[in-house]
Amino acid sequence: MSVQKINSPNRPVKPMYSHAVKIPGLIFCSGQTPVDSDGKVVPGDIKAHTAQCLSNLTNVLEAAGSSWDKVVKVNIYLKSMGDFAAMNEEYVLRLPDPKPARTCIQAGGLPMDVDIEIEAIAAV
């Protein structure tokens, strides 16, 4: 089985992981936090941060040859479940229908103390 490691040219590259790993038929996207192309957390509330995470994932999906239409599973990690409703408002606006399967949990701690991280699995 071939395994291809993918990094988006629009995202900061980290030495400890790839933005995505592609195997025949599937793409596993690493979690994306609400950071810009310089790796700095964008200003704003949970809606702005959700939008940035989804935008970052769009860049990764495109670099891997996929799109949101082919996403089959999303995992969302929130710092606080108190942000669940506001996050959902932005999520519903930005993802195409029908929505992929999804899990959303409260995480004990996220990188750079951000309030959200989102990862996805997509078909090729």
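Distance alone, capped at 3.5 Å, is enough to place a donor-acceptor pair between the Ser30 side chain and the Ser18 backbone. Formation of a donor-acceptor pair under 3.5 Å by the Thr50 side chain with backbone atoms of Ile46 is found in this model. Side-chain N or O atoms of Asp45 include one that pairs as donor or acceptor with a backbone N or O of Ala48 at under 3.5 Å. A distance-only check finds a donor-acceptor pair linking the side chain of Asn56 to the backbone of Thr33 [under 3.5 Å]. The main-chain N or O of His19 is found under 3.5 Å from a side-chain atom of Asn7 such that the two form a donor-acceptor pair.
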(request) Report the C-alpha separation of Asp115 and Asp83 in whole Å, then their side-chain angles, then the decisive distance to 0.1 Å, and conclude whether the side chain to side chain contact (heavy atoms under 4.5 Å, CB included) test is met. (result) CA-CA 9 Å; Asp115 50 5; Asp83 289 332; 4.3 Å; yes

(request) Could you walk me through whether Gln52 and Val41 pass the side chain to side chain contact (heavy atoms under 4.5 Å, CB included) test, one step at a time? (result) CA-CA 9 Å; Gln52 185 67 45; Val41 177; over 6 Å; no

(request) Please test Thr58 against Gln32 for side chain to side chain contact (heavy atoms under 4.5 Å, CB included), starting from the C-alpha separation and ending with a verdict. (result) CA-CA 10 Å; Thr58 298; Gln32 296 294 309; over 6 Å; no

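With a 6.0 Å radius and a threshold of 12 heavy atoms from other residues, nucleotides or ligands, Lys40 has its NZ atom at or below the threshold.
By the rule that hydrophobic residues join a cluster once side-chain heavy atoms approach within less than 4.5 Å of another member, Trp68 and Val72 end up as members of separate clusters. Cluster membership for Val21 and Leu26, using ILVMFWY side-chain heavy atoms within less than 4.5 angstrom, is shared. No continuous path of hydrophobic side-chain contacts links Ile6 to Met1 [ILVMFWY only; heavy atoms under 4.5 Å]. Taking hydrophobic clusters as Ile, Leu, Val, Met, Phe, Trp and Tyr residues chained together by side-chain heavy-atom distances below 4.5 Å, Leu54 shares a cluster with Leu61. Val92 and Val71 are assigned to two separate hydrophobic clusters, defined by single-linkage of ILVMFWY side chains at heavy-atom distances under 4.5 Å.
Partner Tyr77 forms a side chain to side chain donor-acceptor pair (under 3.5 Å) with one of Glu119, Gln106, Glu117 and no other, that one being Glu119. Residue Asp69 is tested with Pro100, Pro98, Pro96 for a side chain to side chain contact (heavy atoms under 4.5 Å, CB included); the sole match is Pro96.
Counted by atom type alone, Lys22 and Ser2 present zero donor-acceptor pairs between their side chains at under 3.5 Å.
The stretch residues 48-67 participates, sequence neighbours left out, in no salt bridge (charged side-chain N to carboxylate O under 4.0 Å, His left out) pair at all.
You'll find the side chain of His49 stays beyond 4.5 Å of the side chain of Val114, heavy atoms only.
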